[in-house]
Amino acid sequence: MSKNNHHIRLLEALLFASSEPMSTSALHERMPEGADVGGLLMELQKHYAERGVHLTETQGQWAFRTAQDLADDLNVEKQISKKLSRAAMETLAIIAYHQPVTRAEIENVRGVATHKGTLDTLLEMGWIKPGRRRETLGRPLTWVSTAGFLDHFSLESIIDLPGMDEMKASGLLDRRPAIDTVHQDDLFTGQSAQEGVESDEYVDDEDIDIREEEMEGL
Amino acid sequence: MSKNNHHIRLLEALLFASSEPMSTSALHERMPEGADVGGLLMELQKHYAERGVHLTETQGQWAFRTAQDLADDLNVEKQISKKLSRAAMETLAIIAYHQPVTRAEIENVRGVATHKGTLDTLLEMGWIKPGRRRETLGRPLTWVSTAGFLDHFSLESIIDLPGMDEMKASGLLDRRPAIDTVHQDDLFTGQSAQEGVESDEYVDDEDIDIREEEMEGL
Amino acid sequence: MVGIADAVQENAQDMSVFIKEDGEMSAVDHLLLDIDGYEGPIDVLLELSRNQKVDLAKISILELVRQYLVFIERAQQRNLELAAEYLVMAAWLAYLKSRLFLPKEENSDEPSAEDIAQALQFQLQRLEAMQKAADKLLALPQLGQEIFARGQPEGLEMNVVTQWNVSLYDMLKAYGDIERRKEASQYDLPTFDLMSTDSAMSRLSKMLGNLPKTGAHSVWATLNSFMPEDIEDSLYGRSTLASTFTAGLELAKQGGLEFRQDGLFRPIYMRKMQPSDGMNYGEEDQDVDA
């Protein structure tokens, strides 16, 4: 009992002292051998459940944070946060909801080319990171959100993103070019037939679509 | 009671989030009107008295601090075993055998330029130290081995290092077989085949140096 | 009388159209003023479709196309330089509009105009969903704004103690290596006992000449059978094999020799050919194939 008490005090102190959220394995490394870190974390979380400070878990990372319901009354110096551009916020949302997602897919959704600076900004804030390469033509890099992103927005996991369920249900989380979402049967539709009739611009547009379709198809 | 509970939670969150210890008056300012800050502080202090985190007061300033008795357990020691790079090994050997020796002389013996990092590493390890300056042009610094060096290798004194003849006798100066891929030894016993070995070694050396720098950089 | 009533009504209709267009104009002008705030044509289309004040699933694509074309027209009247992608979209929408009016083509491979319109609708819905999602994200309690981490973390230290894994042997060996390197730097140019291609060539020619003949050819003999016996030195042996093969290839190029191998890593056969006229060569070649 006294040993358990020592363990829980140590765990509490570790999490209080750390400036960053700590993973279970990092905690294991610092706790005495044989300590039931998982069980202790549960116990500690329960102890703090009703207090002004909570023990939160985000993707396996543990940290003490002030209780959400106190936000309005908490008169503490706020950190000056960088205001993100609309492009960056949109891109962040697309990465968070569609992940893993390639740059081409982000552009499918937004309908515009992505500025290099947009991804850079999000990367610098520690909210996105490169995921696995997609096993398609060109093996494009994918982007995923980080634990830091979830921590910043007080989310436990990706499934807690607001409106995620409805978006999934209504099919809005499709990453393909829009035309593919309605016309799935024949991917290489009448490109040649179009060329003769239509303006150059249209052909360009169609060209781009076709290329994307090819990538998806392969 | 519920109001008191809200107050104590708020006070807890305030003290937790504040980037500086807070005086009672500063807390008063941030707490709702009519809150008994003094009483709440006492209550909070009592709650944390036996925990891994204490509420401490220093000259009227309040702050959470990890418990003193846990200090030793919070800072963990970790042992890692490292090997010296080839460049460092050679430099160390030259200093041991030729001390006091200048950097230029070390380079002379090794036949390769010495990275500054190599001497730094050895210095940091406590195995070499600067000796007297040589009374020649430019008064270059000399390097000598330390007691720590003798200690590590369990040597009584530098004179105990085996001399050239003894090294030869013990096979330390033997050549390695030259070309491993061709098994016929008789053909390659001559001096001739050394060329390949030497260049190989040089490349190895550089490789290890780079790796060492990378490790130090991390 | 009837005519007047009709005229009045018509006039009123004209007025309403005029008012509507006027209102639309100011909305479009407003859009144009703020064009830098939009992220490309799809974003502008989304803003225009919001003007219809209906669920995106129910918007009129034709109406949307009309509004977009008005928007482009106004931009051109004002000599505003829109990015090329806005014009591409305009051309594309004009095409879509014409297709929507045409009777549906049967058995066409290309997506129908309805499909394209539906795709556009989906594109708008998807982008709107993401824009709303971005707003919802920003409305969440954020770290450092509504929720706080500990203000004065003591920090955790990990004291790494390095154990140097270096033995006396390692150090002495390193010193020995330097000494060896110095000796090695005074080296003689190595000489190897090898068979040159030239000597392999003359040797091979002589041996081929000694092979029994059947007609224009000699019998087949393996490459190995041309190797000198009693080779003790493996390097010399290898060089002989390589040189003999190279010489063989050279002879084959000249038409004095033929190669045969029945499969990968199978023995290589050679036979001498009488370098005579091509007819003869062709005939024999067919025989070999058969």
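Lettering of chains follows the sequences in order, A, B, ..., and the numbering in each one begins at 1. Heavy-atom basis, side chains included; hydrogens, waters and symmetry copies ignored.
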Colleague: Could you tell me which portion of B/Leu15 (side chain, backbone, both or neither) has an atom closer than 4.5 angstrom to a non-hydrogen atom of chain A?
Modeller: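 Nothing of B/Leu15, per the 4.5 Å heavy-atom cut-off to chain A.
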Colleague: Quick test of your reading of the model: are A/Arg9 and B/Asp69 salt-bridged, counting only N-O distances below 4.0 Å?
Modeller: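 Looking at A/Arg9 and B/Asp69, the cut-off is met.
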Colleague: Carefully, step by step, assess B/Tyr48 and A/Glu12 under the rule side-chain contact (heavy atoms from CB on, under 4.5 Å).
Modeller: CA-CA 11 Å; B/Tyr48 279 95; A/Glu12 190 178 22; 4.2 Å; yes
Colleague: With side-chain contact (heavy atoms from CB on, under 4.5 Å) as the criterion, how do B/Leu70 and A/His6 come out once you've worked through the C-alpha distance, each side chain's angles and the decisive distance to 0.1 Å?
Modeller: CA-CA 9 Å; B/Leu70 296 172; A/His6 173 72; 3.7 Å; yes
Colleague: Looking only at non-hydrogen atoms, find the nearest pair between B/Gly52 and A/Ala13 and report the distance.
Modeller: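 Between these two residues, the closest heavy atoms are O-CB, 3.6 Å.
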Colleague: Counting heavy-atom pairs under 4.5 Å with chain A, which one of B/Met31, B/His47, B/His54, B/Glu50 comes out on top?
Modeller: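 Option with the top pair count is B/His47.
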Colleague: Quick one, A/Asp73 and B/His7 - any side-chain contact, counting heavy atoms below 4.5 Å?
Modeller: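 Not in contact.
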Colleague: Could you give the distance from CG (A/Leu14) to OG1 (B/Thr66), rounded to the nearest 0.5 Å?
Modeller: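 Spacing of CG (A/Leu14) from OG1 (B/Thr66) equals 9.0 Å.
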Colleague: Look at atom CD of B/Glu57 and say whether more than 12 heavy atoms of other residues, nucleotides or ligands are closer to it than 6.0 Å.
Modeller: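 Yes - once you tally the heavy atoms of other residues, nucleotides and ligands closer than 6.0 Å, there are more than 12.
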Colleague: Within the supplied structure, the quantity of interest is the number of heavy atoms (other residues, nucleotides, ligands) at a distance under 6.0 Å from B/Glu107 CD; does it exceed 12?
Modeller: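 Result for CD/B/Glu107: enclosed.
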Colleague: So with a 6.0 Å cut-off around CD of B/Gln61, is the heavy-atom count from everything else above 12?
Modeller: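 Atom CD in B/Gln61 is packed in, count exceeds 12.
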